[in-house]
Amino acid sequence: MSKGITKRSDDYSRWYTDLVLRSELADYSPVKGCMVIRPNGYALWENMQKELDGMLKATGHQNAYFPLFIPESFLHREKEHVKGFAPECAVVTYGGGKELEEKLVVRPTSETIIYSMYSKWIQSYRDLPLLLNQWANVVRWEKRTRLFLRTTEFLWQEGHTVHETEQEAEEEVLRILEIYRTFLEDYLAIPVLTGRKSEAEKFAGALRTYSIEALTQDRRALQAGTSHNLGQNFAKAFNVNFQNRKGEMEFAWQTSWGVSTRLIGGVVMVHGDDQGLILPPRIAPTQVILIPIWKNDEEMREILPMLASIQADLKGVARVASDTREEYSPGWKFNNWELRGVPLRIELGPRDAAKKSVMAVSRLDRKKCVIPQGEIRSRIPVLLEEIQKNLYDRALAFREENSSEVDDYETFRSLMAEQPGFVNAFWCGQASCESKVKEDTKATIRVIPMKETGEKGACILCGNRSEGRVTFAKAY
RNA sequence: CGGGGCGUGGCGCAGCCUGGUAGCGCACCUGCUUUGGGAGCAGGGGGCCGGAGGUUCGAAUCCUCUCGCCCCGACCA
């Protein structure tokens with residue numbers, strides 16, 4: 001057991017907080033609800049950024065940067081949007097010692113400021129599609145915060161695209177959803193459900209919202225990314241129009257989508273254990289930690305050069321670091337690097353040196369294997385990929401174990417109370433049934449699955465005809 | 001905003017009820033011995049007890065006010 005970390009089985013919520021603090025991903029700041037992302041956490045974010053940014057650029061998106069401040073009036077132009085965001089906005093009223101003529105809202109999201117510019121830039125169908133993304137911070141004055149999962153200020157990327165037709169916009173929204181799914185599954189090793197949000201859960205101002213949903217170890221849903229088809233709602237509010245191929249003026253079709261530093265919280269919650277973090281190799285800042293073992297100076301002089309040459313050997317093959325500190329014992333280092341979630345540890349001591357091998361230990365299950373030093377370069381990448389895959393498989397198995405189909409409300413209620421998870425049940429489509437379920441069980445509709453199975457049934461609550469199952473869960 | 005908890009060396013806490021000028025563990029520094037799952041011994045440095053006011057000969061401790069943080073709920077990526 002790692003010292004100072006609450007066990008998951010004792011108090012999952014405290015385990016999470018302990019882990020984030022102890023592994024030095026983040027720390028509380030002097031500002032309420034705001035956290036400091038420490039180097040360990042930020043390196044993780046940088047790796048996520050790098051991969052996702054590459055995927056977005058590969059699909060034709062470019063990065064840009066828009067202002068932090070938004071004139072207050074902009075927010076009010078789209079009725080639903082202001083209703084959704086105004087209550088959680090921070091507003092600047094003073095600047096340079098004077099009261100401002102127009103208050104400035106610190107962006108909670110950037111649709112309005114970005115689209116005011118789009119309206120200026122777009123004249124013709126030849127200007128479309130416009131595919132921009134920005135990496136930025138946003139501020140939402142949440143009533144209750146939680147490290148990474150919900151903080152007053154957070155980092156994210158927000159994509160904002162403009163299209164000629166409704167169909168193109170819809171294709172874009174689904175393309176992004178698929179990128180998000182791939183990114184989470186292939187890089188973060190987090191299996192996700194994809195689907196559409198109900199009217200109650202959709203983005204303020206959107207026509208339709210799609211999302212990816214992960215399941216944490218305490219069996220709650222974590223919304224990990226959203227992709228919105230904005231239709232022409234914002235185009236009308238910000239006059240984003242263009243002359244189409246027939247020579248007529250037409251409002252543009254827009255999308256917006258984002259993932260945030262919440263993903264870091266997701267990685268912690270989905271993969272972590274009582275020893276600490278477990279980072280998926282593909283995004284782990286350090287993939288392999290080399291730990292030397294010696295009893296005396298003579299052994300140290302033998303081991304250290306060998307360790308250095310192994311590190312050099314792995315250059316370009318894996319992200320490696322070695323911990324040659326003399327003030328800590330090997331046992332201490334084992335625990336410390338496990339806490340930090342480094343996927344693979346390589347131990348090199350006198351016994352290994354004699355055999356010209358090393359001991360590799362997986363963070364996932366502490367399984368050890370001996371690797372001849374000549375094979376390190378070829379074997380390590382294979383081991384890392386294996387850990388990546390096992391991590392995903394384990395998370396997927398957990399999700400499957402905690403997913404079910406339920407057809408009567410009593411079972412549904414007791415399940416949500418005792419052993420929640422993803423519960424697939426029939427829903428008639430009425431907001432009233434959705435909110436009653438929430439009131440009774442705290443569960444909400446996480447997604448309406450993309451693919452129709454064709455299976456019809458009766459709404460779990462009212463019994464009316466349902467066109468298909470939707471996925472309920474208690475959400476973060 | 002409602003409920004609960006907490007502010008005492010860097011961190012975690014005890015002391016407060018029954019006032020007498022601060023203690024423990026970890027961390028840190030020095031030295032020696034150690035090092036294959038969180039080493040041992042010895043020595044050492046560091047806090048005026050969230051803030052303000054009051055009671056008292058005397059306040060970390062009692063009273064009043066205040067600030068802040070964390071957790072649980074309603075709002076939410």
Side-chain angles (χ1 to χ4, degrees), chain A residues 1-6 11-14 16-18 21-22 24 27-35 83-89 108-109 136-158 180 197 200-204 209 211-214 221-228 256-266 275-276 291-297 299-300 303 323-339 345-354 358-359 361 366 368 370 438-439 442 444 474-476:
Chain A
M1 198 54 44
S2 201
K3 288 181 184 170
I5 297 181
T6 306
D11 184 341
Y12 186 83
S13 178
R14 269 193 67 184
Y16 173 77
T17 304
D18 285 351
L21 296 174
R22 286 289 311 280
E24 297 179 359
D27 202 354
Y28 292 110
S29 79
V31 183
K32 185 187 166 93
C34 293
M35 66 174 184
K83 211 160 68 185
F85 283 103
E88 53 186 60
C89 284
T109 178
N137 58 339
V138 288
V139 167
R140 297 182 187 178
W141 221 262
E142 302 286 356
K143 300 233 161 65
R144 195 174 151 210
T145 57
R146 220 155 173 328
L147 293 167
F148 286 115
L149 300 180
R150 182 168 298 105
T151 46
T152 302
E153 178 189 8
F154 59 93
L155 305 183
W156 74 348
Q157 59 71 217
E158 49 179 323
Y180 285 164
K197 286 292 190 185
E201 297 279 330
K202 77 177 186 187
F203 177 75
T209 288
S211 90
I212 52 173
E213 303 275 332
L222 185 70
Q223 183 171 303
T226 47
S227 185
H228 315 292
S256 71
W257 26 272
V259 297
S260 73
T261 38
R262 169 180 267 194
L263 290 179
I264 297 173
Q275 294 356 290
I291 296 181
I293 297 161
W294 59 67
K295 282 197 180 59
N296 49 48
D297 285 0
E299 286 182 358
M300 186 173 100
I303 299 294
D323 188 349
T324 57
R325 290 176 292 180
E326 291 177 45
E327 64 269 34
Y328 293 110
S329 68
W332 189 93
K333 291 176 185 176
F334 297 165
N335 283 287
N336 191 249
W337 290 102
E338 281 174 6
L339 170 65
R345 174 173 83 234
I346 290 183
E347 305 171 10
L348 177 66
R351 296 208 292 265
D352 310 294
V358 297
M359 187 69 82
V361 186
R366 287 194 183 176
K368 298 189 173 187
V370 175
K438 186 176 180 184
E439 194 184 308
K442 290 184 181 139
T444 50
K474 290 186 182 176
Y476 262 101

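Rounded to a whole Å, the CD atom of Glu439(A) is 12 Å from the P atom of rA74(B). What separates CG of Leu339(A) from P of rG37(B) is a distance of 19 Å, to the nearest Å. The distance from atom CZ of Arg366(A) to atom P of rG38(B) is 10 Å, rounded to the nearest whole Å. In this structure, the CZ atom of Arg22(A) is 10 Å from the C1' atom of rG38(B), given to the nearest Å. Rounded to whole Å, atom C1' of rA39(B) lies 14 Å from atom CZ of Phe334(A). Between the CZ atom of Arg325(A) and the C1' atom of rG38(B) there is a distance of 12 Å, given to the nearest Å. Going from atom CG of Asp297(A) over to atom C1' of rU35(B) covers 12 Å, rounded to whole Å. Regarding Ile5(A), its CD1 atom lies at a distance of 15 Å from the P atom of rG12(B), rounded to whole Å.
Using a 4.0 Å heavy-atom criterion, one finds that Arg14(A) contacts no nucleic acid atom at all. Contact annotation for Glu338(A): base contact, defined as any heavy-atom pair under 4.0 Å involving a base atom. Across all strands shown, Pro350(A) has heavy atoms under 4.0 Å from base atoms, whether or not it also approaches the sugar-phosphate. Within 4.0 Å of Tyr28(A), counting heavy atoms only, lie sugar-phosphate atoms of the nucleic acid but no base atom. No contact: Thr209(A) has no heavy atom under 4.0 Å from any strand. Using a 4.0 Å heavy-atom distance criterion, Ile291(A) is classed as making no nucleic acid contact. Within the 4.0 angstrom heavy-atom criterion, base atoms lie near Arg345(A). Here Asp352(A) lies in heavy-atom contact (under 4.0 Å) with a base. Across all strands shown, Ser13(A) has heavy atoms under 4.0 Å from sugar-phosphate atoms exclusively, and none from any base.
Geometrically, Arg345(A) engages Phe334(A) in a cation-pi contact, judged by NZ or CZ lying under 6.0 Å from the ring centre and within 45° of the ring axis.
Remark: the backbone N or O of Phe154(A) is not paired with any side-chain donor or acceptor of Arg262(A) at under 3.5 angstrom. A donor-acceptor pair under 3.5 Å links the side-chain atoms of Arg140(A) to the main chain of Pro108(A), judged by distance alone. Remark: side-chain polar atoms of Glu299(A) are paired, donor with acceptor, to backbone N or O of Lys295(A) under 3.5 angstrom. Listed for the Thr261(A) side chain is a donor-acceptor partner under 3.5 Å among the backbone atoms of Leu155(A). Without hydrogens or angle criteria, Tyr16(A) side chain to Leu147(A) main chain gives a donor-acceptor distance under 3.5 Å.
Mapping Gly225(A) and Tyr328(A) onto RNA chain B by nearest heavy atom places Tyr328(A) at the nucleotide closer to the 5' end. For the pair Tyr476(A) and Lys333(A), nearest-nucleotide mapping onto RNA chain B gives the more 5' position to Lys333(A).
Taking the P atoms as reference points, rC65(B) lies 42 Å from rG45(B), given to the whole Å. Across rC49(B) and rU35(B), the matching P atoms stand 46 Å from one another, rounded to whole Å. Nucleotides rG9(B) and rG23(B), compared at atom P, are 14 Å apart to the nearest Å. Going from the C1' atom of rA60(B) to that of rU18(B) covers 16 Å, rounded to whole Å. Only the P atoms considered, rC6(B) is 13 Å distant from rG50(B), to the nearest whole Å. A distance of about 26 Å separates the P atoms of rC28(B) and rA22(B), rounded to the whole Å. Taking atom P on both nucleotides, rG53(B) is separated from rC13(B) by 29 Å, rounded to a whole Å. Taking atom P in both rU61(B) and rG7(B), the straight-line distance is 13 Å, to the nearest Å.
Nucleotide rC49(B) forms a pair with no other nucleotide shown, judged by Watson-Crick or G-U wobble geometry with both contacts under 3.5 Å. In a base pair of the Watson-Crick type (N1 to N3 plus N6-O4 or O6-N4) or a G-U wobble (N1-O2 and O6-N3), with each distance short of 3.5 Å, rC6(B) is matched with rG68(B). Base pairing of rU21(B): no nucleotide in any strand meets the Watson-Crick or G-U wobble criterion (both distances under 3.5 Å). Pairing partner, rA60(B): none, since no Watson-Crick or wobble contact has both distances short of 3.5 Å. Across the strands present, rU30(B) finds its partner in rA42(B); the criterion is a Watson-Crick or G-U wobble pair with both atom distances under 3.5 angstrom. Of the nucleotides present, none pairs with rC16(B) by Watson-Crick or G-U wobble criteria with both distances under 3.5 Å. Nucleotide rC1(B): paired with rG73(B) (Watson-Crick or G-U wobble, both distances less than 3.5 Å).
Between Ser329(A) and the phosphate of rA39(B), there is a side-chain N or O to OP1/OP2 separation shorter than 4.0 Å. Checking the phosphate oxygens (OP1, OP2) of rC75(B), a side-chain nitrogen or oxygen of Lys438(A) falls inside 4.0 Å.
Aromatic ring pairs are classed by plane angle as parallel below 30°, tilted from 30° to 60° and perpendicular above 60°; the pair Tyr180(A) and Trp257(A) is perpendicular. Using a 30° and 60° split on the angle between ring planes, Trp332(A) and Tyr328(A) fall in the parallel class, below 30°.
Closest approach to the Arg351(A) side chain among rG36(B), rA39(B), rA77(B) is made by rG36(B) (side chain taken as heavy atoms from C-beta onward). Closest to the Asn336(A) side chain, of the nucleotides rA77(B), rU35(B), rG38(B), is rG38(B). Closest to the side chain of Pro330(A), out of rU35(B), rG37(B), rA77(B), is rU35(B). Relative to the side chain of Lys143(A), the nucleotides rA74(B), rU35(B), rA77(B) differ in distance, and rA74(B) lies closest. Residue Glu142(A) has its side chain nearest to rA77(B) when only rA77(B), rC71(B), rG36(B) are considered. With distances taken from any side-chain atom of Val361(A) to the nucleotides rA77(B), rG37(B), rU35(B), the minimum falls on rG37(B).
Of the candidates Lys333(A), Arg366(A), Gln275(A), Arg366(A) is the only one forming a side-chain hydrogen bond (donor to acceptor under 3.5 Å, both in side chains) with Glu338(A).
In this structure, the aromatic ring of Trp332(A) is not positioned over the six-membered ring of the base of rG37(B) within 5.5 Å between centres and 30° between planes.
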